[in-house]
Trainee: 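Submitted below is the structure of interest, expressed as structure tokens.
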Protein chains: 2
Amino acid sequence: MDPHLLRTFVAVARLASFSGAARELGYTQSAVSQHIAALEGDLRAELLTRRPVAPTAAGVRLLEHAGPLLLRLDAARADVLRLAAAPPGRVTLAASPLAVGPRLLAALPATGVTLRVLPPAEVPAAVATGGCDLGLVDGPAAPSDPLRLPDVAPLTVTGAGEEELAVLLPEGHPFAGRAAVRLDDLADARWIDAPGIGLPLTAARASVRYEGTDLLALCALAAAGHGLVLLPRRVAEAAGAGVAVPLSAPRLVHRTELLSPGAPTGAAAALAARLTAGSPV
Amino acid sequence: MDPHLLRTFVAVARLASFSGAARELGYTQSAVSQHIAALEGDLRAELLTRRPVAPTAAGVRLLEHAGPLLLRLDAARADVLRLAAAPPGRVTLAASPLAVGPRLLAALPATGVTLRVLPPAEVPAAVATGGCDLGLVDGPAAPSDPLRLPDVAPLTVTGAGEEELAVLLPEGHPFAGRAAVRLDDLADARWIDAPGIGLPLTAARASVRYEGTDLLALCALAAAGHGLVLLPRRVAEAAGAGVAVPLSAPRLVHRTELLSPGAPTGAAAALAARLTAGSPV
DNA sequence: GATGCTTACGCGATTCGTAAAGATC
DNA sequence: GATCTTTACGAATCGCGTAAGCATC
């Protein structure tokens with residue numbers, strides 16, 4: 001179960017080709033073949049069918065493990081390397097789209113910060129594997145409850161604010177005039193699934209899927225009646241189109257959390273302090 | 001970052017000795033020294049101080065990563081190996097103490113099951129690394145919310161019941177006559193921290209710490225006035241000593257969940273079905 | 001017959017153990 | 001001087017590439 005073998009295995013499975021994986025990894029076909037043979041011998045199970053190349057049941061199972069495993073390995077490596085490297089003057093901050101709010105804008109110093117907007121699911125990995133010094137993720141949560149984040153690595157999590165939630169409805173929607181809505185009332189509604197932006201509460205019933213991290217585009221879709229979106233009230237009201245109706249039940253808030261690998265140092269620590277100043281948790 | 005090197009590193013750090021780790025792992029001192037040197041060279045950082053042998057800051061950081069990493073690796077290995085092995089007639093079920101309730105007792109078939117009671121924190125690892133075919137964990141949660149489990153491996157989680165919670169008070173406690181208590185009312189009370197049994201809600205304020213998985217002993221401690229314990233109401237009332245007072249706020253329940261690596265098969269599947277029959281989630 | 005995976009074989013690199021040297025208490 | 005880590009060196013092994021073999025489309 002050498003990580004190299006595992007990496008080769010996932011490449012072969014993804015590309016459905018030994019020779020393709022060899023090209024990608026800079027090996028020869030032969031080496032790739034030997035890698036897979038070594039894995040199969042070690043685990044005493046056939047992991048791939050050849051011709052066509054596809055994972056077997058055991059292979060699928062191994063793939064489920066391999067991804068997080070390799071991610072953690074990279075994270076560990078990057079984390080220790082970063083610790084050894086000199087603390088940079090320039091700070092890189094990863095943030096999910098909905099985490100970019102007034103608090104962040106106020107906390108940013110004049111210079112020396114790079115802001116990288118990513119889908120929320122990728123922020124923890126970006127911080128863990130070292131591309132970024134700090135991360136801001138957001139998501140729905142019960143008041144003062146922490147978010148449920150994938151634990152790719154032992155990250156330090158700090159609360160960085162909670163906001164009211166609202167549903168963005170198209171003009172003329174039956175509920176558009178209401179002062180508040182319950183999620184139950186919208187049980188049969190069509191939702192937009194936007195994994196790049198967040199709040200995957202209702203992915204199962206989603207009819208439209210939006211891939212990307214542009215809030216404006218998502219709001220436009222919602223305002224045009226292609227489906228509903230759950231957003232921080234502040235964002236929904238600033239959308240410029242559609243009607244924002246606050247959510248009254250269940251009692252959920254839009255929560256933002258700051259991620260850092262270990263305790264931040266230097267310029268990152270200063271930014272982290274400003275981001276979490278006066279935080280509810 | 002070969003896992004072998006990592007394993008050696010954690011052994012050296014744990015034993016604070018190169019030669020000790022060598023003995024434990026079946027290497028020579030020399031090999032261990034070379035392992036550490038290889039790691040340090042790879043990560044370009046000193047990981048251990050020698051004489052005395054202790055992890056440096058970078059070493060501590062690496063240790064935080066190494067544990068979960070090696071656990072996941074073992075889990076992946078065990079999982080695929082188990083898939084390849086013939087499905088055993090005998091099923092091993094890991095369960096935390098509070099998960100052993102009437103539901104489990106009713107679901108057990110007459111023969112062919114081994115029940116292993118472990119601290120809740122160890123159940124996921126036991127299932128993942130293959131010692132057990134199924135696992136039952138418990139913990140406090142908001143109604144119909146899933147438990148927060150460490151994700152050592154991609155396990156299948158299924159709800160297996162929710163129960164009311166109660167606080168076990170000693171006789172004569174000021175609140176002993178009440179019909180219900182709020183957790184806030186007990187904010188200043190002394191609690192017993194029992195990581196082997198669960199519900200680590202208030203570890204920070206705990207005065208007594210109980211290590212072990214015997215419920216009777218814990219209830220005896222609580223009834224004798226050494227501190228309060230939060231338990232499923234059923235357990236608290238059956239304790240035989242002390243007074244059980246249901247919890248009214250916050251709205252928490254005692255939730256039990258079934259863990260299995262992938263979809264269970266054979267005898268394990270039958271047991272899993274009986275354990276989750278009529279489950280609320 | 002073309003494409004693509006497997007197997008045979010040789011070379012270079014890795015890794016371990018033995019043994020001697022060095023460091024610290 | 002005793003204990004413990006590091007370094008030097010040789011032997012076995014491992015891992016990759018070249019090249020030939022084999023199966024499938």
Side-chain angles (χ1 to χ4, degrees), chain A residues 1-60 62-63 66 69-70 73-74 77 80 84, chain B residues 1-60 62-63 66 69-70 73 76-77 80 84:
Chain A
M1 294 267 310
D2 187 318
H4 293 185
L5 306 187
L6 240 45
R7 226 175 277 273
T8 307
F9 173 64
V10 303
V12 171
R14 176 165 43 81
L15 300 173
S17 158
F18 281 54
S19 38
R23 270 191 299 280
E24 179 171 305
L25 298 172
Y27 288 124
T28 57
Q29 288 179 351
S30 168
V32 171
S33 192
Q34 292 177 52
H35 279 189
I36 304 299
L39 257 185
E40 292 186 328
D42 180 26
L43 297 176
R44 270 174 285 281
E46 186 159 279
L47 298 173
L48 295 166
T49 63
R50 325 294 152 100
R51 204 174 293 273
V53 174
T56 63
V60 169
L62 184 58
L63 278 175
L69 204 49
L70 294 174
L73 205 80
D74 289 344
R77 201 186 155 63
V80 180
Chain B
M1 293 266 312
D2 187 320
H4 292 193
L5 306 188
L6 240 45
R7 227 175 277 274
T8 308
F9 173 64
V10 305
V12 171
R14 176 165 41 82
L15 301 174
S17 158
F18 282 54
S19 38
R23 270 191 297 280
E24 179 171 303
L25 297 172
Y27 287 124
T28 57
Q29 289 178 352
S30 168
V32 171
S33 191
Q34 293 177 50
H35 278 188
I36 302 301
L39 257 184
E40 291 186 328
D42 181 26
L43 297 176
R44 269 175 285 283
E46 185 159 280
L47 299 172
L48 295 165
T49 63
R50 325 295 152 102
R51 198 175 301 270
V53 173
T56 64
V60 169
L62 183 58
L63 278 175
L69 203 50
L70 293 174
L73 204 82
R77 203 189 154 61
V80 180

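Order of the sequence lines sets the chain letters (A, B, ...), proteins ahead of strands, with each chain counted from 1.
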Trainee: Mapping B:Q34 and B:Q29 onto DNA chain D by nearest heavy atom, which one lands closer to the 5' end?
Mentor: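 Result: B:Q29.
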
Trainee: Starting at CD of B:E46 and ending at P of D:dT5, how long is that distance when rounded to a whole Å?
Mentor: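 Nearest whole value for this atom pair: 14 Å.
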
Trainee: Measuring to OP1 and OP2 of D:dT6, would you say a side-chain N or O of B:S33 lies under 4.0 angstrom away?
Mentor: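 Yes, because at least one side-chain N or O of B:S33 sits under 4.0 Å from OP1 or OP2 of D:dT6.
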
Trainee: Of B:L73, B:D2, B:V12, which meets side-chain contact (heavy atoms from CB on, under 4.5 Å) against B:R7?
Mentor: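 Going through B:L73, B:D2, B:V12 one by one, the side-chain contact (heavy atoms from CB on, under 4.5 Å) with B:R7 is satisfied by B:L73 alone.
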
Trainee: Looking at side-chain heavy atoms only, is the closest gap between B:T56 and B:E40 below 4.5 Å?
Mentor: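 No - every pair of side-chain heavy atoms lies 4.5 Å or more apart.
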
Trainee: How is B:V53 classified with respect to the nucleic acid when contacts are heavy atoms under 4.0 Å: base, sugar-phosphate, or nothing?
Mentor: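 The answer is sugar-phosphate, as B:V53 gets under 4.0 Å only of primed atoms, P, OP1 or OP2.
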
Trainee: Please check the phosphate of C:dT15 (OP1 and OP2 only) for any side-chain N or O of B:H35 closer than 4.0 Å.
Mentor: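 Result: no.
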
Trainee: In whole angstrom, give the distance that lies between atom CD1 of B:I36 and atom P of D:dT7.
Mentor: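 In whole Å, D:dT7 P and B:I36 CD1 are 13 Å from each other.
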
Trainee: Under 4.0 Å between a side-chain N/O of A:S30 and OP1 or OP2 of D:dA19, yes or no?
Mentor: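 A:S30 to D:dA19 OP1/OP2: no side-chain N or O under 4.0 Å.
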
Trainee: Quick one: CG on A:L25 to NE2 on A:H35, what's the gap to the nearest 0.5 Å?
Mentor: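 Answer for the CG-NE2 pair, A:L25 versus A:H35, is 9.0 Å.
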
Trainee: Atom CG of B:D42 and atom C1' of C:dT14: how far apart are they, to the nearest Å?
Mentor: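 Answer to the nearest Å: 14 Å.
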
Trainee: Heavy atoms only, 4.0 Å cut-off, all strands: where does B:H4 land among base, sugar-phosphate and nothing?
Mentor: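 The residue B:H4 makes no contact with any strand.
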
Trainee: Could you check which of D:dT6, D:dT5, D:dT18 has an atom nearest any side-chain atom of B:R50?
Mentor: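 Taking heavy atoms from C-beta onward, the closest nucleotide is D:dT6.
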
Trainee: Reckon A:S19 has a side-chain N or O less than 4.0 Å from the OP1 or OP2 of C:dC5?
Mentor: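 Yes, within the criterion.
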
Trainee: In the structure I gave you, are the side-chain heavy atoms of B:P55 and B:V60 within less than 4.5 Å of one another anywhere?
Mentor: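 Result yes, sub-4.5 Å side-chain heavy-atom pair found.
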
Trainee: What is the distance from CG of B:L48 to P of D:dC4, rounded to the nearest Å?
Mentor: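 It works out to 16 Å between those atoms.
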
Trainee: Rounding to a whole Å, what distance do you find between B:L25:CG and C:dG17:C1'?
Mentor: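 So the two atoms are 16 Å apart, to the nearest Å.
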
Trainee: As an exercise, state the distance from CD1 of B:I36 to CZ of B:F18, rounded to the nearest 0.5 Å.
Mentor: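 Taking CD1 in B:I36 and CZ in B:F18, the distance rounds to 5.0 Å.
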
Trainee: OH of B:Y27 versus C1' of D:dT13: gap in Å, rounded?
Mentor: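 B:Y27 atom OH is separated from D:dT13 atom C1' by 14 Å.
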
Trainee: Quick one: on DNA chain D, does A:P52 or A:D2 contact a more 5' nucleotide (nearest heavy atom)?
Mentor: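 Closest to the 5' end, via its nearest nucleotide, is A:D2.
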
